[in-house]
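Convention: sequence-line order gives letters A, B, ...; per-chain numbering from 1.
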There are 2 protein chains.
Amino acid sequence: MASTKKIKLTDLKSLEQAAECLRTLAHPHRLRIVQMLLQSEYTVGELAEACEIAPHMASEHLRKMQHCGFLDSEKDGQRRYYHVVEPHLANILSCIEARFE
Amino acid sequence: MASTKKIKLTDLKSLEQAAECLRTLAHPHRLRIVQMLLQSEYTVGELAEACEIAPHMASEHLRKMQHCGFLDSEKDGQRRYYHVVEPHLANILSCIEARFE
DNA sequence: TGCTTATATCGTTACATTGCGATATAGTAA
DNA sequence: TTACTATATCGCAATGTAACGATATAAGCA
């Protein structure tokens, strides 16, 4: 314990942002949605079915993740396709899968 | 849209566990604590001071992270030193730092 | 036009989390 | 013993989040 322990800390403002994104990710259905969208694009209905939830619930999860910059979407007729835009998401999901499989 | 889209999904039970760990991590003070503990071990008081919070708040954050398997601790007289035991934490924090700095 | 499907939003209720003062426990030292 | 320090726990008030039924919008089709 005689060491100096001088280390560089991320400022709390940035950590607050990071925490907000992690909170957005920290939901089993949202994790599954991200996992799927990392491999292809999907509609709200397809994602809802994969998560076994009502479409309007999937829609809300997608809205949250779009709001914090993870996803974007484009319309195709009646349907809306979502896809991943945050480049670090794949890496983070790999870490999570490495621990929980 | 004509593709088969057959992908392997993590079961919801595991995703629930993963989400719980992410929720534990998703707090600015806890992120700072983990960031520090990845570089050295520290006492409750030292971590509290670095986060600018009361010691009993740091103690509670540490208890939560110990409970979900991120940290462990050992006593040295009056003080208690915490350290990281979850091997994936360093990798996850790197992902986070890569995005938020 | 009216009917159906796909997606999004609103309003409410239930539940979880946060922060914090007060209190408790354990070790140190006089 | 008493006093002090470090850490941990309790109980509560405030806030945040999740789930969900009801409703709304918008596109396709008869």
Point to revise | Separation of atom CZ in R80(B) from atom P in dT7(D), rounded to whole Å | key: 9 Å
Review point. Between dA16(C) atom P and E16(B) atom CD, what is the distance in whole Å?
Key: 11 Å
Point to revise | Integer-rounded Å distance: dC10(D) P and M57(B) CE | key: 15 Å
Check your understanding: Atom CD1 of I53(A) and atom P of dT17(D): how far apart are they, to the nearest Å?
Key -> 18 Å
Practice item. Ignoring backbone atoms, test whether S59(A) places a side-chain nitrogen or oxygen under 4.0 Å from the OP1 or OP2 oxygen of dA8(C). Key: yes
Exercise for review: For dC10(D), take OP1 and OP2 only and decide whether either is under 4.0 Å from a side-chain N or O of R63(B).
Suggested key: no
Exercise for review: Would you mind telling me which residue lines up with the more 5' stretch of DNA chain D, E60(A) or Q66(B), judged by nearest nucleotide?
Suggested key: Q66(B)
**Study point:** Spacing of Q78(B) atom CD relative to dA26(C) atom C1', expressed in whole Å
**Key:** 8 Å
Exercise for review: State, without any angle test, whether R79(B) and T43(B) hold a side-chain donor-acceptor pair at a distance under 3.5 Å.
Suggested key: no
Exercise for review: State which of dT7(C), dA18(D), dT9(C) makes the closest approach to the side chain of H56(A).
Suggested key: dT9(C)
Review point. Picking from R30(B), R32(B), Q66(B), what satisfies side chain to side chain donor-acceptor pair (under 3.5 Å) with H61(B)?
Key: R30(B)
Check your understanding: Distance check: side-chain N/O of K75(B) vs OP1/OP2 of dA6(D), anything under 4.0 Å?
Key -> no
Revision key, fill the gap. Here the distance between atom P of dG16(D) and atom CZ of R23(B), to the nearest Å, is 17 Å
Practice item. May I ask you to say whether K13(A) pairs ionically with E20(A), meaning some side-chain N is under 4.0 Å from a carboxylate O? Key: no
Review point. When you check the side-chain N and O atoms of S14(B) and D11(B), is any donor under 3.5 Å from an acceptor?
Key: yes
Check your understanding: Taking atom P of dT17(D) as reference, at what distance in whole Å does atom NE2 of H27(A) sit?
Key -> 12 Å
Check your understanding: Roughly, in whole Å, what's the span from CD in E20(B) to C1' in dT17(C)?
Key -> 13 Å
Exercise for review: Ignoring backbone atoms, establish whether K64(B) has a side-chain N or O less than 4.0 Å from OP1 or OP2 of dT17(C).
Suggested key: no
Practice item. Using only heavy-atom distances, determine whether the side chains of T10(B) and Q35(A) contain a donor-acceptor pair under 3.5 Å. Key: yes
Review point. Are OP1 or OP2 of dA6(C) and a side-chain N or O of Y82(A) less than 4.0 angstrom apart?
Key: no
